[in-house]
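For the numbers below, each heavy atom of this structure counts, side chains included, while hydrogens, waters and symmetry mates do not.
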Amino acid sequence: MNWHSLSPALTLLPDEGAGECHVESMMDNHGYLGFLRDDSKFGMAPVQSSFTPQPGRTVHVAVPATVYRGNVRLRLCVICYVGDAQEPRKFWSENGNAAAQLKIPDNTKKLSLLLRVQGKGALTVGTPVTHYGVSLDSWWDDVPVLPGTRLRLEIDTISTLGLTNSALTMIEFQDANTQPLDPSVDLPVNIELGNYFYLTTDSHTDVSRTAIEVGVPTDAATLRVTGRQWKTSNSTAVLDSLRVTEIEGETHVDLFAANMKWLRELPACAPLVVLYTTAPPVGHPTLSLRPNRLAEEYRKLGIEVVFFPFSSIKNEQRLTDTGIVQFSRTELDRVNEALRTRRGARNLFICSSFADIGALTTIDLLKASGWLTMYEVRDEMEEFNRVGYSKWFEPELERQVVHRVDSIVTVSPRLAEKMSIISRGTVSPLVIQNAAPPDLIAKGAPLRTPQAVARRLDHRVIGYMGHLTDSWFDWDLLITCAVTNPDLQFEIIGHGLPKNLDLPENVTHLGPRTHDEFLEICRRWLVGIIPFQPTPLTYAVDPNKIYEYLAAGLRTVTAPMGSVALCPSTYVYERPEDFPSTLRRAVEEEFSEGELQIINEYVVGAGWENRARTMVTVSGLEGVDL
């Protein structure tokens, strides 16, 4: 046993064969344990160092310790004995922590480790762990790179407090003149930091490895990597050096260059739509919003499409299976240089609910080249901003966009009214509702039959598909309804389930699902629901899900919003307290063949292909054969 009790308050019992010892602390005040030291004369160097000193280097020291009874706090002290006089210099860890990082003073001869134990209780103490490295705040590295390649970066670290996301690394590509290049789309971008990624720092005793992949820009000569401690109470050391390896595969730089080449060479006669959106990238497995759906339908009409999603894109997303070319918003300026050379009304820029400064400047730039411009208003972004989403939104920027574009389309009468007010009556927004995907309408046909309705009566399941945030989903209303209607089962599909929900036994969250999975699940649903909170945000929404419910042959019970009152087989409750009784009516009323016929007739005209044709007609885009 290498630990020694240096205080009467502490009693040590060895744990045979485990390399640990049990420590009993008998008093509220503190006592000391010494490693490889059996005397308490701290002013004198021990006979043997606790570990080998390497003067001038940063060392991470941690003691594996587990308190299993009582209330015990630990603090580690590293004592360096410097020079021939063996002057003791003490370096303490944060209070309550048994790990410390320090730069060992020059001319250190010996080292001693002390563990202060305070409070009554019992714990196990293991052999100290030591690692030499470099303090993160003083660590950086320059790595020569080969343009067009793809790199894997690996960094080993260890931290004193083991806090998640407590440290990060910034990267910057530089050209041959050491001038910084544009940030990479492979990593998050911060205005102050540039490209960055968090280091794995969740252990103070074990080495953590962080690995990321990044493509090298065509003009890059050097990659500069710099460390930064994010939570100042923590200390992180980088162990060994940065490991950089080239990996196989086409890089985002190659694809970006290929896409830009295609754009520059696109014939002037080819109709082109550019979508600047708050939507996810086209091709997301479970999330597809109006801009994504319309983009795919524009391609079917023979229109070339450039898509700017709200989030950054991965390499493989730059060109979709449907021929849609995607760029990241950080590349907008470079793409605009190519777009501005195209002239005339065969080109359309659509700002889809993302009226930021990028959209505003692009509208001005492209209108000067004779482009058509449209503002597509899908949501009440001002209300999204008020409840904590869409923090980028500025009412003045939206007002400027409204006054600059050639046409305005909204998804609901409320949004059309708001746009008219903003423009002071100078524009006449057109309402073009949302829709259901054509393949969903086709695949859902067997569910829009009397036989499918009869089978559903055996299950009595109520369903929901969509986003689950409590900013608009009325969870209290749903839970109350489920508790008071135990004969009904509720199945919930979607992203964003709030934490700490106490769901009744008859409510099941199924997680995100694709449309094909939805069609299988909803075979047993009697009714689809949209239990949104009564707010200005939800009143303005035209929910895609109501068209998807109808495509699957479902009745819908919904809060008042958008144009839902115009949809067949839709039960609208005006007050939240009316939701349970309205749901009961939708469940109990007979589902006739005539009702199914009305649903089928409505659904045929409620596909995204029809909405896309209407959008093209309204915009005035030339060169499209509708």
Peer 1: Hydrogens and angles aside, do Thr373 and Asp406 bring a side-chain donor and acceptor to less than 3.5 Å of each other?
Peer 2: yes

Peer 1: Do any N or O atoms from the side chain of Thr617 and from the backbone of Met615 form a donor-acceptor pair under 3.5 angstrom?
Peer 2: no

Peer 1: Any Lys/Arg nitrogen of Lys418 or Glu383 sitting under 4.0 Å from an Asp/Glu carboxylate oxygen of the other?
Peer 2: no

Peer 1: Checking Asn259 side chain against Val325 main chain: does a donor-acceptor pair fall under 3.5 Å?
Peer 2: no

Peer 1: To the nearest 0.5 Å, how far apart are CZ in Arg150 and CG in Asp186?
Peer 2: 4.5 Å

Peer 1: Do Val587 and Ile462 come within less than 4.5 Å of each other through their side chains, counting heavy atoms only?
Peer 2: yes

Peer 1: Between Ser352 and Arg378, is any side-chain donor less than 3.5 angstrom from a side-chain acceptor?
Peer 2: yes

Peer 1: Mind checking the CD-CD1 spacing from Glu304 to Ile324? Nearest 0.5 Å is all I need.
Peer 2: 10.5 Å

Peer 1: With distance as the sole test, does Arg290 use its side chain to make a donor-acceptor pair with the main-chain N or O of Gln433 at under 3.5 Å?
Peer 2: yes

Peer 1: The test is side chain to side chain donor-acceptor pair (under 3.5 Å); show your working for His515 and Glu548 and say whether it passes.
Peer 2: CA-CA 9 Å; His515 275 128; Glu548 294 163 352; 3.1 Å; yes

Peer 1: Would the number of heavy atoms belonging to other residues, nucleotides or ligands and lying under 6.0 Å from CD of Glu396 be above 12?
Peer 2: yes

Peer 1: Cationic tip of Arg334 within the cone over Phe327's six-membered ring, i.e. under 6.0 Å and within 45° of the normal?
Peer 2: no

Peer 1: Please report the C-alpha distance between Trp262 and Leu319 in whole Å, then the side-chain angles of each, then the deciding distance to 0.1 Å, and finally whether the side-chain contact (heavy atoms from CB on, under 4.5 Å) criterion is met.
Peer 2: CA-CA 11 Å; Trp262 164 84; Leu319 182 61; over 6 Å; no

Peer 1: Minimum heavy-atom separation for Ala559 and Tyr573, please, with both atom names.
Peer 2: N-CE2, 3.4 Å

Peer 1: Between Ser412 and Ala540 (side chain of the first, backbone of the second, donor and acceptor by atom type, cut-off under 3.5 Å), is there such a pair?
Peer 2: yes

Peer 1: Give every residue pair that meets the ring pair (Phe, Tyr, Trp, His ring centres under 6.0 Å) criterion with at least one member in residues 342-386, sequence neighbours excluded.
Peer 2: Tyr276-Phe354, Phe310-Phe354, Phe354-Trp392, Phe384-Trp472

Peer 1: Answer yes or no: is there a side-chain heavy-atom contact under 4.5 Å between Thr278 and Ser390?
Peer 2: no

Peer 1: Passes side-chain contact (heavy atoms from CB on, under 4.5 Å), Tyr298 versus Leu621? Steps please.
Peer 2: CA-CA 11 Å; Tyr298 295 147; Leu621 184 67; over 6 Å; no

Peer 1: Minimum heavy-atom separation for Phe532 to Lys545, with atom names?
Peer 2: CZ-NZ, 4.1 Å

Peer 1: Arg343 side chain to Gly370 main-chain N or O, any donor-acceptor pair under 3.5 Å?
Peer 2: no

Peer 1: Please say whether more than 12 non-hydrogen atoms of neighbouring residues, nucleotides or ligands are located less than 6.0 Å from CD in Glu213.
Peer 2: yes

Peer 1: Where do Val564 and Thr570 come nearest, in terms of heavy atoms and distance?
Peer 2: O-CG2, 3.6 Å

Peer 1: Nearest 0.5 angstrom please: Glu297 CD to Arg611 CZ, how far?
Peer 2: 11.5 Å

Peer 1: Answer yes if the side chains of Asn347 and Arg342 hold a donor-acceptor pair under 3.5 Å, and no otherwise.
Peer 2: yes

Peer 1: Tell me the closest heavy-atom pair linking Ala295 and Leu275, and the distance in Å.
Peer 2: CB-CD1, 3.7 Å

Peer 1: Which residue, Val572, Ile530, Ile529, forms the side chain to side chain contact (heavy atoms under 4.5 Å, CB included) with Val557?
Peer 2: Ile529

Peer 1: Looking only at side-chain N and O atoms, does Arg293 offer a donor or acceptor that is under 3.5 Å from a partner on Asn434?
Peer 2: no

Peer 1: Measure from the side-chain N and O atoms of Ser311 to the backbone N and O of Pro280, and report whether any donor-acceptor pair falls under 3.5 Å.
Peer 2: no

Peer 1: Taking side chain to side chain contact (heavy atoms under 4.5 Å, CB included) as the definition, give me every residue that meets it alongside Leu365, ordered by chain and number, with sequence neighbours left out.
Peer 2: Asn336, Arg340

Peer 1: Taking all non-hydrogen atoms of both residues into account, name the closest pair between Trp525 and Arg456 and its distance.
Peer 2: O-CD, 2.8 Å

Peer 1: Are any non-hydrogen side-chain atoms of Cys567 and Thr556 less than 4.5 angstrom apart?
Peer 2: no

Peer 1: Between Arg399 and Glu394, is there a salt bridge with N-O shorter than 4.0 Å?
Peer 2: no

Peer 1: Determine the minimum heavy-atom distance between Leu554 and Gly528, stating which atoms define it.
Peer 2: CB-N, 4.3 Å

Peer 1: Kindly write out the residues that satisfy salt bridge (charged side-chain N to carboxylate O under 4.0 Å, His left out) with Glu595, not counting sequence neighbours, or none if the list is empty.
Peer 2: Arg555

Peer 1: Does any non-hydrogen side-chain atom of Pro429 lie less than 4.5 Å from one of Val377?
Peer 2: no

Peer 1: Is the distance between the ring centroids of Tyr547 and Trp608 less than 6.0 Å?
Peer 2: no

Peer 1: Is there a side-chain contact between Val405 and Met374 in this structure, where contact means two heavy atoms from C-beta onward sitting under 4.5 Å apart?
Peer 2: no

Peer 1: Tell me whether Arg414 is salt-bridged to Glu380, with the criterion being a basic N under 4.0 Å from an acidic carboxylate O.
Peer 2: no

Peer 1: Assess the side chains of Thr320 and Thr322: does a donor N or O sit below 3.5 Å from an acceptor N or O?
Peer 2: yes

Peer 1: Hey, does Phe473 have a side-chain heavy atom less than 4.5 Å from the side chain of His467?
Peer 2: no

Peer 1: Under 3.5 Å, side chain of Glu398 to main-chain N/O of Ala355, donor-acceptor pair present?
Peer 2: no

Peer 1: Between the side chain of Asn600 and the main-chain N/O of Leu596, is any donor-acceptor distance below 3.5 Å?
Peer 2: yes

Peer 1: Would you sort out whether Arg346 and Leu272 count as a side-chain contact (heavy atoms from CB on, under 4.5 Å), showing the intermediate values?
Peer 2: CA-CA 6 Å; Arg346 289 177 181 261; Leu272 171 66; over 6 Å; no

Peer 1: Return yes if some donor-acceptor pair links the side-chain N/O of His509 with the main-chain N/O of Gly494 below 3.5 Å, else return no.
Peer 2: yes

Peer 1: Check whether Arg299 reaches the backbone of Ile303 with its side chain - one donor and one acceptor, N or O, closer than 3.5 Å.
Peer 2: yes

